[in-house]
Amino acid sequence: MPAKAAVADKTSVLDRYFEITKRGSNYSREIRGGLATFFAMSYIVVLNPLILGGADSTGAMLGAERVAAVTALVAGVLTIAMGAWAKYPFALATGLGVNAFVAITVATNPGLTWPDVMGLVVLSGITMLILVLTGFRTAVFNAVPQSLKTAIVVGIGMFIALIGLVNAGFIRRIPDAAGTTVPVGLGFDGVLLGWPTLVFIFGLILTIALVVRKVKGGILLGVLSATVLAVIIEAVANVGPSVGPDGFNPQGWSLVVPELPTGSWVGLPDLSLVGQVSIFGSFGTLGFTAASLLAFAILLSIFFDAMGTMVGLANEAGLTDKQGNIPHVDRVLIVDAVGAVAGGAASVSSNQIYVESGAGIGEGARTGLANVVTGLLFLLAMFFTPLISLVPFEAVAPALVVVGFMMVSQVGKIDWSDWGVAIPAFLTFTLMPFTYSIANGLGAGFIAYVLVRTFQGRAREIHPLMWIVAAAFVLFFGIGPIEQLIGFR
């Protein structure tokens with residue numbers, strides 16, 4: 001009897017700490033949710049080395065294996081911190097978009113080394129952390145009108161659904177040389193091709209069926225079933241990647257080829273990139289103005305991307321209050337800001353909240369316990385990097401499409417009778433997927449809100465912080481012309 005009582009006490013303490021029962025969840029949902037989120041975003045361990053794997057302006061390279069190991073390390077630690085301290089199911093990893101900007105725009109500036117480049121990321125993160133600790137970032141979040149917050153949820157839903165469709169090859173960009181004004185189309189040249197597309201369609205149909213039938217673990221079962229099918233198909237048909245030494249293969253896997261590793265499955269990670277950063281090195285190379293502009297561009301991107309993502313995820317999970325605010329949001333924002341600092345200090349670019357966390361939320365995750373599961377899996381991934389290559393995009397994409405539907409269903413909560421919020425809301429949720437950027441959608445929506453309310457003669461209703469944010473986004477969108485004006489480009 002005493003032993004049983006002790007076990008019960010331990011369970012109740014864990015339950016109370018993460019508020020599992022209070023948030024309408026249970027242990028099995030949290031574990032399934034953590035697994036689903038990991039499978040949905042594990043691709044970053046493979047993709048980030050490809051994005052950051054090129055040389056900087058001095059010819060130095062970070063190294064794919066080192067980037068993969070540290071990407072998993074930082075994602076694991078930060079995701080656990082978000083779960084154990086902030087207690088939300090919002091997983092973190094290297095931010096897509098930010099890492100591309102860092103690799104393509106920042107690292108190519110003459111004279112900059114990778115430590116210099118990552119120093120700019122660290123500075124942006126420190127600045128954001130100061131904004132959080134002073135309460136400014138939380139105040140901005142609370143100043144956003146409710147209909148715009150709903151539009152952010154809808155926009156992110158459309159965005160992750162588009163990511164799923166594009167990653168699966170169901171939708172593809174039409175090359176400019178095709179002589180058409182249509183930017184995207186169905187499959188390749190209007191035709192669905194290849195075994196990977198079949199895996200996606202199978203996974204999507206199965207996931208929809210499981211979710212509609214309210215099968216526990218439906219989203220996760222869909223991912224796992226599609227992965228098993230993909231491994232079998234690759235073993236039999238030897239499909240190969242879509243991009244290889246022989247050029248582009250429209251019938252290949254989009255990035256990850258689902259095949260069992262031929263060599264060792266386990267190995268010690270190389271973490272030597274941690275700490276290789278020069279915080280002020282870029283200022284000595286580029287000068288104060290140019291370096292500050294680059295840091296400002298990084299700051300705005302990570303500042304608003306994370307805000308939009310957490311609003312969307314929290315609404316989908318039902319974790320907001322009656323005003324649409326997130327309780328204890330300052331903790332979420334602090335971990336996110338630390339993610340930028342840690343990512344730069346480890347040479348893997350800024351880490352931020354991932355929209356793919358929606359896969360875990362769709363599976364039932366409501367607490368930070370799911371994040372602990374996801375984070376531990378990322379830490380294990382450092383030692384099992386070859387196995388990360390087992391789950392193809394085509395197997396994960398159905399989960400993103402289904403979760404996207406769940407989030408878009410909230411569009412009815414927008415007040416369409418008030419054009420002062422309806423027009424900004426429309427711009428917000430259309431530009432997120434159309435520009436492949438959460439920050440762009442937010443910027444257009446915030447600017448439009450200030451303008452339309454002013455046109456209506458209702459400028460007094462605009463929160464002062466919304467004016468500041470709108471002005472910041474005007475600078476964000478005008479960063480190119482400003483750089484040209486000062487002779488930076």
Should Leu319 and Ile326 be marked as a side chain to side chain contact (heavy atoms under 4.5 Å, CB included) after you check the CA-CA gap, both sets of side-chain angles, and the distance that decides it?
-> CA-CA 7 Å; Leu319 298 177; Ile326 302 174; 5.8 Å; no
Value rounded to 0.5 Å, distance of [atom1] in [X] from [atom2] in [Y]:
| X | Y | atom1 | atom2 | value |
| --- | --- | --- | --- | --- |
| Leu333 | His328 | CG | NE2 | 13.5 Å |
| Leu465 | Thr138 | CG | OG1 | 11.0 Å |
| Thr309 | Tyr354 | OG1 | OH | 10.5 Å |
| Asp116 | Ser278 | CG | OG | 5.0 Å |
| Leu62 | Leu273 | CG | CG | 5.5 Å |
| Glu259 | Trp253 | CD | CH2 | 10.5 Å |

Run the side-chain donor-acceptor check on residues 467-475: report pairs under 3.5 Å with partners two or more places apart or on a different chain.
none

Write down the atom of [X], the atom of [Y], and the distance for their closest heavy-atom approach.
| X | Y | result |
| --- | --- | --- |
| Met466 | Tyr449 | CE-CD2, 3.8 Å |
| Ala40 | Val396 | CA-CG1, 3.4 Å |
| Leu377 | Gly34 | CD1-O, 4.5 Å |
| Thr94 | Ser349 | CG2-CB, 3.9 Å |
| Leu286 | Asn109 | CD2-CB, 4.0 Å |
| Ala36 | Ala359 | CB-O, 3.9 Å |

Do the side chains of [Y] and [X] get nearer than 4.5 Å, heavy atoms only?
| X | Y | result |
| --- | --- | --- |
| Val74 | Leu78 | yes |
| Met118 | Val102 | yes |
| Thr37 | Glu356 | no |
| Pro196 | Val239 | yes |
| Met310 | Val329 | yes |
| Leu379 | Val77 | yes |
| Leu148 | Pro424 | yes |
| Met382 | Leu271 | yes |

Which residues pass the salt bridge (Lys or Arg N to Asp or Glu O under 4.0 Å) test with [X], not counting sequence neighbours?
| X | result |
| --- | --- |
| Arg66 | none |
| Arg453 | Asp418, Glu461 |
| Glu363 | Arg32 |
| Glu65 | none |

Without hydrogens or angle criteria, can the side chains of Asn371 and Thr374 be said to hold a donor-acceptor pair below 3.5 Å?
-> no
Any donor-acceptor pair under 3.5 Å from [X] side chain to [Y] backbone:
| X | Y | answer |
| --- | --- | --- |
| Thr435 | Asn440 | no |
| Glu234 | Val257 | no |
| Arg366 | Ser25 | no |
| Arg172 | Gly169 | yes |

Using the side chain to side chain contact (heavy atoms under 4.5 Å, CB included) rule, take Met432 and Leu442 through it: C-alpha gap first, then chi angles, then the decisive distance, then the call.
-> CA-CA 8 Å; Met432 281 186 187; Leu442 286 171; 4.0 Å; yes
Without placing hydrogens or testing angles, list every side-chain donor-acceptor pair under 3.5 Å for residues 121-131, not counting sequence neighbours.
| unit_1 | atom_1 | unit_2 | atom_2 | d |
| --- | --- | --- | --- | --- |
| Ser124 | OG | Leu120 | O | 3.0 |
| Ser124 | OG | Ala295 | O | 3.0 |
| Thr127 | OG1 | Leu123 | O | 2.9 |

Contact list for residues 356-380, test ring pair (Phe, Tyr, Trp, His ring centres under 6.0 Å), sequence neighbours left out = Phe38-Phe378
Within residues 151-172 or reaching into it, pairs that qualify as ring pair (Phe, Tyr, Trp, His ring centres under 6.0 Å) - sequence neighbours excluded |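 Matches after skipping sequence neighbours: Phe159-Tyr436, Phe170-Phe200.
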Residue pairs passing the salt bridge (charged side-chain N to carboxylate O under 4.0 Å, His left out) test where at least one lies in residues 71-85, sequence neighbours excluded =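 Passing the test, one end in residues 71-85: no pairs.
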Tell me, please, which residues at least two apart from Thr367 pass side chain to side chain donor-acceptor pair (under 3.5 Å).
-> Glu30
Side chain to side chain donor-acceptor pair (under 3.5 Å) involving Ser254 - partner list, sequence neighbours excluded |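 Counting only residues at least two positions away or on another chain, Ser254 forms a side chain to side chain donor-acceptor pair (under 3.5 Å) with Glu394.
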Steps toward side chain to side chain contact (heavy atoms under 4.5 Å, CB included) verdict (Met82, Ile353) | CA-CA 9 Å; Met82 180 69 79; Ile353 300 171; 4.1 Å; yes
Which residue pairs pass the side-chain hydrogen bond (donor to acceptor under 3.5 Å, both in side chains) test when at least one of the two sits in residues 71-89, sequence neighbours left out?
->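 Listed by first then second residue: Asn48-Thr71.
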Are Arg331 and Asp336 close enough for a salt bridge, meaning some N to O gap below 4.0 Å?
->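 Not counted as a salt bridge, because no side-chain N and carboxylate O are separated by less than 4.0 Å.
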Side chain to side chain donor-acceptor pair (under 3.5 Å) test vs Lys149 passes for just one of Thr320, Asn315, Asn325, namely Asn325
Return yes when atom CZ of Phe426 has more than 12 non-hydrogen atoms of other residues, nucleotides or ligands closer than 6.0 Å, and no otherwise.
->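 Open.
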